[in-house]
*Asks:* 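Starting off with a structure, shown below.
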Amino acid sequence: MSLFENAPDRTLPEVSCSADDTRLLPVLSVATLFVSALLLFLIQPMFAKMVLPKLGGAPSVWSVAMVFFQAVLLAGYAYAHLLGRLFGPQRAGLVHLLLLVVTAMTLPIAIAPNWGAPPADGTAL
C-alpha cells in the first residue's frame with residue numbers, strides 16, 4: 001500500500017507557456033546559479049580578508065568564515081524552498097523584496113570600529 005493512494009488529487013493550475021518561454025528556463029536557471037555562486041565566492045573572501053587582521057590572522061578565522069558562509073548558503077536554500085512552498089510566485093516575490101529592502105537598510109558595510117585585536121592570552125574579559 002502506497003502513502004499516496006489515499007492522498008487527495010492535487011492538480012496544478014493551467015499555465016500557458018510559449019515554446020520560447022520554456023526554452024529560456026534552463027538558461028535562466030544556470031545564470032541564476034552562476035551569479036549566486038559568484039557573489040558568494042566574491043563576498044566571502046572579501047569579508048574574511050577584512051576581518052583577518054582585526055582578529056589576529058589565525059587560520060581558524062578563515063575556517064569560521066568558511067563555515068559561516070556555507071551555513072548561510074544552506075539557510076538561504078531552505079528559505080527559498082519554504083518561500084516557494086508557502087506562497088505563490090507573486091506573493092513570494094513581494095515577501096522576498098520586502099526582506100531585501102529591510103536587510104539593505106540595516107546591513108553594516110564595515111566592521112564595527114570598537115572591534116579590536118583579540119586579547120594576547122586568548123581569553124576575553
Side-chain angles (χ1 to χ4, degrees):
M1 179 170 188
S2 171
L3 292 173
F4 301 108
E5 283 180 13
N6 295 330
D9 184 27
R10 295 183 194 173
T11 58
L12 295 175
E14 293 285 330
V15 178
S16 62
C17 293
S18 68
D20 293 335
D21 293 340
T22 55
R23 252 184 274 151
L24 292 177
L25 284 177
V27 174
L28 183 62
S29 297
V30 168
T32 303
L33 288 173
F34 179 74
V35 169
S36 66
L38 180 73
L39 287 174
L40 173 72
F41 293 114
L42 280 176
I43 291 181
Q44 183 224 344
M46 189 183 335
F47 178 77
K49 188 176 180 180
M50 192 168 60
V51 297
L52 271 172
K54 290 211 178 239
L55 298 178
S60 61
V61 175
W62 183 260
S63 298
V64 168
M66 288 283 289
V67 169
F68 171 76
F69 276 95
Q70 294 300 317
V72 169
L73 179 64
L74 183 63
Y77 288 147
Y79 160 74
H81 175 73
L82 288 175
L83 195 64
R85 288 193 129 234
L86 294 177
F87 301 107
Q90 290 180 341
R91 187 169 282 174
L94 288 174
V95 169
H96 186 66
L97 187 62
L98 179 67
L99 183 66
L100 282 176
V101 167
V102 168
T103 55
M105 293 173 64
T106 61
L107 182 67
I109 302 301
I111 300 171
N114 57 356
W115 274 26
D121 62 356
T123 60
L125 295 175

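Nothing here was measured: the structure is a model prediction, and the numbers come from that model. Computed from heavy atoms alone, side chains included, the values below leave out hydrogens, waters and symmetry copies.
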*Asks:* Residues two or more places apart in sequence or in another chain: which of them pass side-chain contact (heavy atoms from CB on, under 4.5 Å) with Leu94?
*Replies:*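 Leu94 satisfies side-chain contact (heavy atoms from CB on, under 4.5 Å) with no other residue.
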
*Asks:* Please list all pairs meeting side-chain hydrogen bond (donor to acceptor under 3.5 Å, both in side chains) that have one or both residues in residues 84-93, counting only residues at least two apart or in different chains.
*Replies:*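 For residues 84-93, and leaving out neighbouring residues, there are no side-chain hydrogen bond (donor to acceptor under 3.5 Å, both in side chains) pairs at all.
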
*Asks:* Do the side chains of Met105 and Val102 join up, straight or via other hydrophobic residues, at under 4.5 Å, putting them in one cluster?
*Replies:*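 Per the 4.5 Å side-chain linkage, Met105 and Val102 are not co-clustered.
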
*Asks:* Evaluate Val72 against Phe68 for side-chain contact (heavy atoms from CB on, under 4.5 Å), listing each step before the verdict.
*Replies:* CA-CA 6 Å; Val72 169; Phe68 171 76; 3.5 Å; yes

*Asks:* Just grab all the ring pair (Phe, Tyr, Trp, His ring centres under 6.0 Å) pairs involving residues 88-107, residues at least two apart or on different chains.
*Replies:*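 The answer is Tyr79-His96.
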
*Asks:* If you link I, L, V, M, F, W and Y whenever their side-chain heavy atoms are under 4.5 Å apart, who else ends up in the same group as Leu28?
*Replies:*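 For Leu28, no cluster forms, as it stays isolated from other hydrophobic side chains.
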
*Asks:* Report the residues that fulfil side-chain contact (heavy atoms from CB on, under 4.5 Å) with Ala92, sequence neighbours left out, ordered by chain and then residue number.
*Replies:* Leu83, Phe87

*Asks:* In a check of side-chain contact (heavy atoms from CB on, under 4.5 Å) between Gln70 and each of Leu74, Val67, Leu73, which one passes?
*Replies:*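 Answer after filtering Leu74, Val67, Leu73: Leu73.
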
*Asks:* Would a hydrophobic clustering, with Ile, Leu, Val, Met, Phe, Trp and Tyr connected at side-chain separations under 4.5 Å, put Phe69 with Phe41?
*Replies:*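 Linked, Phe69 and Phe41 end up in one cluster.
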
